[in-house]
**Student:** 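Attaching a single structure in C-alpha cells format; questions to follow.
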Amino acid sequence: MRETFAGMPWWVKWVAIPLLVLFVFGGVITSILATLIGFVFKLLLFVALVGGLVFIVKKFTGSRSKSSSDW
C-alpha cells in the first residue's frame, strides 16, 4: 500500500483522496455529526432546565424555611 502512495503526486494524497472520501461517506459523516450535535444540545438543555428548577425551588423555599427551621 505504501508503494502505491509513494509514487503519487502530493495533490492526489492530500486533495483528491480526501475529496473522494467526503463524496462517498459524506452522508454518513453528516448524519453522525447531526446526531452528536443534537445530543449535546439536548444535554445542555436538560442541564439548564434542571439548574433553573433548582434555582426556583431554592428561591421560593428559602424564604419560608428560614423562619420555620434553621439548619
Side-chain angles (χ1 to χ4, degrees):
M1 194 70 171
R2 283 192 177 197
E3 299 90 26
T4 306
F5 284 113
M8 292 188 180
W10 67 269
W11 61 269
V12 173
K13 292 187 264 187
W14 299 105
V15 177
I17 293 176
L19 285 177
L20 285 174
V21 169
L22 285 175
F23 179 73
V24 173
F25 297 108
V28 175
I29 294 170
T30 305
S31 174
I32 291 171
L33 285 176
T35 303
L36 286 175
I37 290 170
F39 177 73
V40 169
F41 175 74
K42 288 179 183 178
L43 184 67
L44 289 174
L45 181 65
F46 175 73
V47 168
L49 288 173
V50 168
L53 181 65
V54 168
F55 175 75
I56 289 172
V57 167
K58 282 191 174 192
K59 183 177 181 180
F60 284 115
T61 59
S63 60
R64 280 190 257 156
S65 65
K66 286 181 184 176
S67 60
S68 62
S69 65
D70 194 16
W71 287 78

**Student:** Measure the spacing between OG1 of Thr30 and CZ of Phe25 and express it to the nearest 0.5 Å.
**Tutor:**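 Here the interatomic distance stands at 13.0 Å.
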**Student:** Using modelled atom types and a 3.5 Å cut-off, is there a donor and acceptor pairing between side-chain atoms of Thr35 and backbone atoms of Ser31?
**Tutor:**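 Looks like yes, one N/O pair under 3.5 Å.
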**Student:** Tell me, do Leu49 and Leu53 make a side-chain contact under 4.5 Å, heavy atoms counted?
**Tutor:**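 Not in contact.
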**Student:** Side-chain heavy atoms under 4.5 angstrom apart, residues restricted to Ile, Leu, Val, Met, Phe, Trp, Tyr: same cluster for Val21 and Val24?
**Tutor:**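 They do share one cluster, since a chain of ILVMFWY contacts under 4.5 Å joins Val21 to Val24.
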**Student:** Are Phe23 and Ile29 connected in the hydrophobic side-chain network, where two residues link if heavy atoms are under 4.5 Å apart?
**Tutor:**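 Yes, it is one cluster - the side chains of Phe23 and Ile29 are joined through contacts under 4.5 Å.
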**Student:** If you look at every heavy atom in Met8 and Val12, which pair is closest and at what distance?
**Tutor:**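 Where Met8 meets Val12 most closely, the heavy atoms are SD-CG1, 3.5 Å.
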**Student:** With a cutoff of under 4.5 Å between side-chain heavy atoms, which Ile, Leu, Val, Met, Phe, Trp and Tyr residues group with Val28?
**Tutor:**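 When side chains under 4.5 Å apart are linked, the cluster holding Val28 also contains Ile32, Leu36.
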**Student:** Assigning hydrophobic clusters by single linkage (Ile, Leu, Val, Met, Phe, Trp, Tyr; side-chain heavy-atom cutoff under 4.5 Å), is Phe5 placed with Trp10?
**Tutor:**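 Yes, same cluster.
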**Student:** Say you draw a straight line from CH2 of Trp11 to CD1 of Ile17; how long is it, rounded to the nearest 0.5 Å?
**Tutor:**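 One finds 10.0 Å between CH2 of Trp11 and CD1 of Ile17.
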**Student:** Out of curiosity, Phe55 CZ to Phe60 CZ, how far, rounded to the nearest 0.5 Å?
**Tutor:**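 Result: 9.0 Å between the selected atoms.
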